[in-house]
> 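Would you mind keeping the following structure in view while I ask a few things?
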Amino acid sequence: MKHILAEIENLPQWLAAQGLPKFRAAQIQRWLLQSRAQSFAEMSDLPAPLRQQLDRDFQLWTTTILRHQQSEDGTEKLLLRLSDGGVIECVLLRDGPRRTICVSSQVGCAMGCVFCASGLNGVERNLTSGEILEQMLRLQRLLPADERLSHIVMMGMGEPLANLENVTRTLAIASADDGLGISARRITISTVGLPPAIRRLAELDCRYHLAVSLHAPNDELRDRLVPVNRKIGIAAILEAADEFFAHTGRRLTFEYVLLDQINDRPAHAEELGRLLAGRVALLNVIPYNPVAGLPYRTPSNKAIAEFREILERHGITVKFRQRKGDKINAACGQLRRQTVDLSTGTLVNLPVSG
Ligand code: SAH
């Protein structure tokens with residue numbers, strides 16, 4: 001059976017093949033993306049035979065919710081099991097009027113960042129566009145009827161630019177007025193920095209926001225923290241990012257996870273300030289969210305303040321991201337790691353905080 005969320009663009013053809021009018025496609029799409037239907041049966045303005053036909057030919061949900069966690073700050077996290085047994089996570093963040101969702105692009109990750117929970121067991125596969133959209137719809141349905149999703153960040157598990165086709169296909173639906181209606185300016189693709197894919201994304205002219213995970217001011221340190229850097233190098237990434245800015249006019253974001261004693265020293269801040277000076281860019285500094293079993297720690301408040309002061313002296317626009325949802329393991333890959341024995345794929349009953 002086909003996944004209807006992976007077939008939305010093909011619905012007019014499917015209807016034509018059934019000898020049915022194509023305008024039904026817009027109705028079905030509205031039920032799925034805007035009216036938050038949970039089943040075909042409730043699509044009350046469709047003829048009953050069509051609803052039955054949809055039910056015979058398509059699955060609406062391909063995932064099952066293994067866990068649903070809520071924290072006091074309004075963050076909610078879903079752990080989802082895919083039809084082939086793979087496990088992914090996605091998050092809803094509430095920040096003032098914003099309703100931001102953080103979505104996964106792959107099962108696991110191949111990039112190998114040493115501090116991150118997602119890639120500890122490598123990558124299993126790319127998510128389909130339907131599975132990426134399903135995360136968005138699962139999170140949307142957690143909102144009360146009078147609230148809408150406002151922002152999307154591709155900052156869940158996986159490297160979105162390693163699954164560029166499925167990611168951009170889903171984001172086209174998310175950003176369309178007759179889709180989820182989330183404007184491209186409010187959609188961020190976060191990448192470890194893959195220059196050819198950054199260029200391809202720029203050429204698509206889709207006006208998404210690009211965030212590059214830098215995490216180190218020089219290749220010697222970045223090679224250690226982000227192993228995929230050994231084949232790429234910071235200079236090539238900055239060149240592609242600058243081209244993205246030149247092409248799209250969208251201000252770049254650089255992300256920097258602060259790891260105690262590793263990349264948080266005053267000398268690192270100085271070097272980072274020199275590296276980024278002169279760019280129209282925002283530096284997003286994220287205090288590390290500790291992962292069980294990994295040796296990395298969050299820096300002291302004093303080290304964080306000093307890091308910030310040095311960068312501001314260099315004229316860099318710096319934002320220190322508030323930690324949200326850390327009590328529910330909202331950082332990339334953490335909940336999955338805590339809940340699922342990755343060697344067997346079975347749920348293990350570990351105590352869950354928050
Ligand atoms: N592959 C993409 C998306 C990863 S998740 C990328 O590399 O950008 C988004 C951000 O969260 C990345 O900057 C990633 O390095 C960071 N991150 C991963 N684990 C983290 C942790 N435990 N604490 C804080 N940030 C983390």
Side-chain angles (χ1 to χ4, degrees), residues 75 77 88-91 93 100-123 126-127 132 135 151-164 166-167 171 187-195 197-198 201 208-216 221-222 224-229 232 234 237 240-241 244 252-260 262-264 272 281-299 304 319-338:
T75 303
K77 182 157 189 166
I88 56 167
E89 359 177 302
C90 54
V91 185
L93 298 127
T100 303
I101 53 173
C102 175
V103 173
S104 294
S105 54
Q106 298 181 308
V107 188
C109 185
M111 300 301 119
C113 302
V114 296
F115 51 83
C116 175
S118 293
L120 290 171
N121 291 66
V123 67
N126 284 340
L127 293 176
I132 300 170
Q135 295 171 71
H151 294 72
I152 299 175
V153 294
M154 296 302 305
M155 291 190 185
M157 287 172 54
E159 168 51 45
L161 294 193
N163 187 12
L164 185 64
N166 292 342
V167 166
L171 293 181
I187 295 176
T188 300
I189 300 181
S190 178
T191 178
V192 74
L194 306 177
I198 291 174
L201 186 65
Y208 302 125
H209 189 98
L210 183 71
V212 177
S213 297
L214 204 51
H215 307 327
L221 181 56
R222 195 169 194 268
R224 281 195 278 139
L225 299 178
V226 182
V228 72
N229 189 63
I232 303 170
I234 292 174
I237 294 171
F244 184 91
L252 298 166
T253 295
F254 292 98
E255 290 162 283
Y256 196 103
V257 172
L258 266 192
L259 304 164
D260 181 45
I262 292 178
N263 65 357
D264 69 336
L272 186 61
L282 170 76
L283 179 68
N284 205 345
V285 180
I286 314 156
Y288 184 57
N289 194 340
V291 174
L294 293 183
Y296 307 98
R297 292 182 311 261
T298 312
I304 296 174
K319 197 173 111 196
F320 277 66
R321 200 196 283 172
Q322 285 250 330
R323 289 226 319 236
K324 274 202 170 277
D326 47 354
K327 290 214 187 69
I328 57 167
N329 293 294
C332 206
Q334 286 191 1
L335 181 63
R336 177 178 85 137
R337 182 162 170 73
Q338 198 192 48

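In listed order, ligands and their atoms are each counted from 1. One-based numbering along the sequence shown.
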> Have a look at ligand 1 and work out which part of Val257, if any, has a heavy atom under 4.0 Å from it: side chain, backbone, both or neither.
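The side chain, only.
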> For ligand 1, is there an atom lying under 4.0 Å from some heavy atom of Met111?
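Judged by the 4.0 Å heavy-atom criterion, Met111 does not count as contacting ligand 1.
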> As a check for students: among Val291, Asn284, Thr188, Asn289, identify the option with a heavy atom nearest to atom 23 (N) of ligand 1.
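The residue whose heavy atom sits nearest atom 23 (N) of ligand 1 is Asn289.
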> Report yes if some heavy atom in the side chain of Leu127 is under 4.5 Å from a heavy atom in the side chain of Asn166; otherwise report no.
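In short, these two side chains do not touch, never coming nearer than 4.5 Å.
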> Between the side chains of Ser105 and Glu159, does any donor sit under 3.5 Å from an acceptor?
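Note: Ser105 and Glu159 side chains miss the donor-acceptor criterion.
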> Hey, mind stepping through Thr298 and Asp260 against side chain to side chain contact (heavy atoms under 4.5 Å, CB included) and telling me if it holds?
CA-CA 5 Å; Thr298 312; Asp260 181 45; over 6 Å; no
> For a 4.5 angstrom cut-off between non-hydrogen side-chain atoms, does Val114 reach Arg224?
no
> Within ligand 1, which atoms have a heavy atom of Val192 less than 4.0 Å away?
6 (C), 7 (O), 8 (O)
> Looking only at N/O atoms, are Gly158 and ligand 1 under 3.5 Å apart anywhere?
yes
> Does ligand 1 come near enough to Ser190 that some N or O of the ligand is less than 3.5 Å from an N or O of the residue?
yes
> How many angstroms lie between CG in Leu210 and CZ in Phe254, if you round to the nearest 0.5 Å?
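CZ of Phe254 is found 8.0 Å from CG of Leu210.
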> Could you tell me whether the side chain of Ile232 reaches within less than 4.5 Å of the side chain of Val226, counting heavy atoms only?
no
> Within a distance under 4.0 Å of any heavy atom of Ser213, pick out the atoms of ligand 1 and give their elements.
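Near Ser213, meaning under 4.0 Å from one of its heavy atoms, ligand 1 has 6 (C), 7 (O), 8 (O), 12 (C), 13 (O).
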> For the OH atom of Tyr288 and the CD1 atom of Ile304, what is their distance to the nearest 0.5 Å?
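Between Tyr288 OH and Ile304 CD1, I get 14.0 Å after rounding to 0.5 Å.
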> Looking at ligand 1, is there an atom of it that comes within less than 4.0 Å of some heavy atom belonging to Gly156?
yes
> Pick, from Glu159, Met155, Met157, His215, the option with the minimum heavy-atom distance to atom 9 (C) of ligand 1.
Met155
> Considering only heavy atoms of Cys116, which atoms of ligand 1 have at least one such atom less than 4.0 Å away?
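So the atoms of ligand 1 that pass are 18 (C), 19 (N).
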